[in-house]
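As a basis for the values below, the full set of heavy atoms in this structure was taken, side chains included, without hydrogen atoms, waters or symmetry mates.
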Amino acid sequence: MNRIDRYIVGRILLNFVLLFAALFLFAATIDIILNLDEFTQLADDHVGEDSSWWWRLIVALGFAANYHLPQIFQFYAWLYGIVAVGAACFTLAQMSRYRELVSIVASGVSLRRIAMPFVAVSVGLGVVQIFNQEVILPKIAPLLLRTHKHANQESVDAFPIKFTDDASGMLLQAGSFDPGTGKLSKPSFIVRDDQGRTTSRYWATSASWDEPDLQWDLTAGQVVHIAADGRGSTAPQPAASVGTDLSPTMLTMRRYGQVAGMLSLLQINEMLEWPDSRDTDALRRSSVSRFAVVVLNVLVLMIGLPFFLDRLPGGLFLKAILCAGVVLPIYFTAAGIMLVPIPGLTPLLGSALPVLILLPIALGRLGSLRT
């Protein structure tokens, strides 16, 4: 990497940080203003209404920060591609305004060569996103599921589990499930045969998930076995565990669909070990789209760069309008295609389709540069 490359990369990263921080702070500030009553109520419940107004305000802002700070990582996952395009365009606009592009081209460097640091930064930001997706988001998923009224908690409230089936057809029902601790309260498991007839029923006071064995360990668990011909059931017997694919992650995903986008590839592969799971398509789409989005962001950047990679300075406002008018519809349309199932297409093909379409367009855009 020569001096020009380092200079361009430094400018892009600086503009990326500034633009990302501005967008996040703007969104967080608007949300805090709109939901200040929620945070104030939490502060009143925490310190009491007899406390001074400034202390209650500080506590309320602390709850607001506790709610919004974990969302930085999700905000990055959603918008880093668009912010990268914006940072690249700002960098090129600055270089064009101060005639730096003219000087570089006059020295014999082609515009295609100038585009390489921009593409490299986009690839690097994509690598950061993969680390964010695989390591950080799965750990903070309970924090990201909270609503404003849960800002003083480390996860969402426990919720009841209505009859939920697993890959084998077994039904699970529980008084409550706590996503923070991953425990079931008063669970009941109904095992059925191929014809839907009950063959066994397990119940317990509580249950904890055993990840290595993919089973729920029962506390004070009991089981009865029911004859298929309807002649009755056995006496209750002690039961230690029940195997199922309804893990805490799966139960949370059934309740909150956005959890699929916060899982690591390892978690998805473990859940896909149950071949008959009804969530297979959503999980496979999530596993493919996380890598396809990284490639998509690079291609979108390559499509947007030629608007500003021009030998002649000037017309920056018009270039910005044209770039936004082309890049934004392409990006959001492609992202929508990746996330929404398309009838007749497999999750792999549906997620990769925008990449396959945009690849020749992006290469053609850079190849057509007048340099």
Are side-chain heavy atoms of [X] and [Y] found at a separation under 4.5 Å?
X: Arg113; Y: Pro117; value: yes
X: Leu137; Y: Leu144; value: yes
X: Asp31; Y: Tyr67; value: yes
X: Tyr76; Y: Val83; value: no
X: Tyr7; Y: Asp5; value: no
X: Trp203; Y: Val224; value: yes
X: Met262; Y: Leu145; value: yes
X: Arg11; Y: Ile8; value: no

Could you tell me if [Y] and [X] have a donor-acceptor pair between their side chains, going purely by distance under 3.5 Å?
X: Asn15; Y: Thr91; result: yes
X: Asn132; Y: Gln129; result: yes
X: Asn152; Y: His46; result: no
X: Asp45; Y: Gln41; result: yes

Closest heavy-atom contact between [X] and [Y]?
X: Gly243; Y: Gln215; answer: CA-CB, 3.8 Å
X: Ile190; Y: Met170; answer: O-CG, 3.0 Å
X: Ser351; Y: Val288; answer: CB-CG1, 3.6 Å
X: Phe159; Y: Pro179; answer: CE2-CG, 3.6 Å
X: Phe39; Y: Ala151; answer: CE2-CB, 3.8 Å
X: Phe163; Y: Leu171; answer: CD2-CB, 4.1 Å

Distance from [X] atom [atom1] to [Y] atom [atom2], nearest 0.5 Å?
X: Met338; Y: Leu296; atom1: CE; atom2: CG; value: 4.5 Å
X: Phe118; Y: Phe308; atom1: CZ; atom2: CZ; value: 10.5 Å
X: Leu328; Y: Cys323; atom1: CG; atom2: SG; value: 8.0 Å
X: Lys183; Y: Trp209; atom1: NZ; atom2: CH2; value: 15.5 Å
X: Ile161; Y: Ser176; atom1: CD1; atom2: OG; value: 8.5 Å
X: Ser264; Y: Ile130; atom1: OG; atom2: CD1; value: 13.0 Å

Between [X] and [Y], is there a donor-acceptor pair closer than 3.5 Å when you use the side chain of the first and the backbone of the second?
X: Thr205; Y: Thr219; value: yes
X: Gln133; Y: Leu263; value: yes
X: Arg255; Y: Leu251; value: no
X: Arg112; Y: Leu369; value: yes
X: Trp216; Y: Leu246; value: yes
X: Thr40; Y: Leu36; value: yes
X: Asn269; Y: Leu265; value: yes
X: Ser188; Y: Gln173; value: no
X: Ser247; Y: Met250; value: yes
X: Ser368; Y: Arg365; value: yes

| task | State which residue, out of Gln74, Glu154, Gln71, fulfils the side chain to side chain contact (heavy atoms under 4.5 Å, CB included) condition with Leu143. | result | Glu154
| request: Run through Pro160, Pro187, Pro248 and flag the one making a side chain to side chain contact (heavy atoms under 4.5 Å, CB included) with Phe177. | output: Pro248
| said: Tell me if the CG atom of Asp213 is crowded by more than 12 foreign heavy atoms within 6.0 Å. | reply: yes
| said: Please check if the number of heavy atoms outside Phe90 that lie under 6.0 Å from its CZ is greater than 12. | reply: no
Are [Y] and [X] linked, directly or through intermediate hydrophobic residues, by side-chain heavy-atom contacts shorter than 4.5 Å (ILVMFWY only)?
X: Ile361; Y: Val355; value: yes
X: Val123; Y: Leu359; value: yes
X: Phe307; Y: Leu318; value: yes
X: Leu301; Y: Leu14; value: no
X: Phe291; Y: Trp78; value: yes

| request: Apply side-chain contact (heavy atoms from CB on, under 4.5 Å) to Thr199 and Ile226, showing your working. | output: CA-CA 5 Å; Thr199 59; Ile226 302 171; 5.8 Å; no
| query | Passes side-chain contact (heavy atoms from CB on, under 4.5 Å), Leu111 versus Val105? Steps please. | reply | CA-CA 7 Å; Leu111 292 178; Val105 173; 3.5 Å; yes
| said: I'd like to know whether Leu305 forms a side-chain contact (heavy atoms from CB on, under 4.5 Å) with Ile114, so could you lay out the CA-CA distance, the side-chain angles of the two residues, the decisive distance to 0.1 Å, and finally the verdict. | reply: CA-CA 10 Å; Leu305 283 179; Ile114 297 174; over 6 Å; no
| request: Would you please test Leu218 and Phe189 for side-chain contact (heavy atoms from CB on, under 4.5 Å) and show each step? | output: CA-CA 11 Å; Leu218 306 179; Phe189 301 85; 3.8 Å; yes
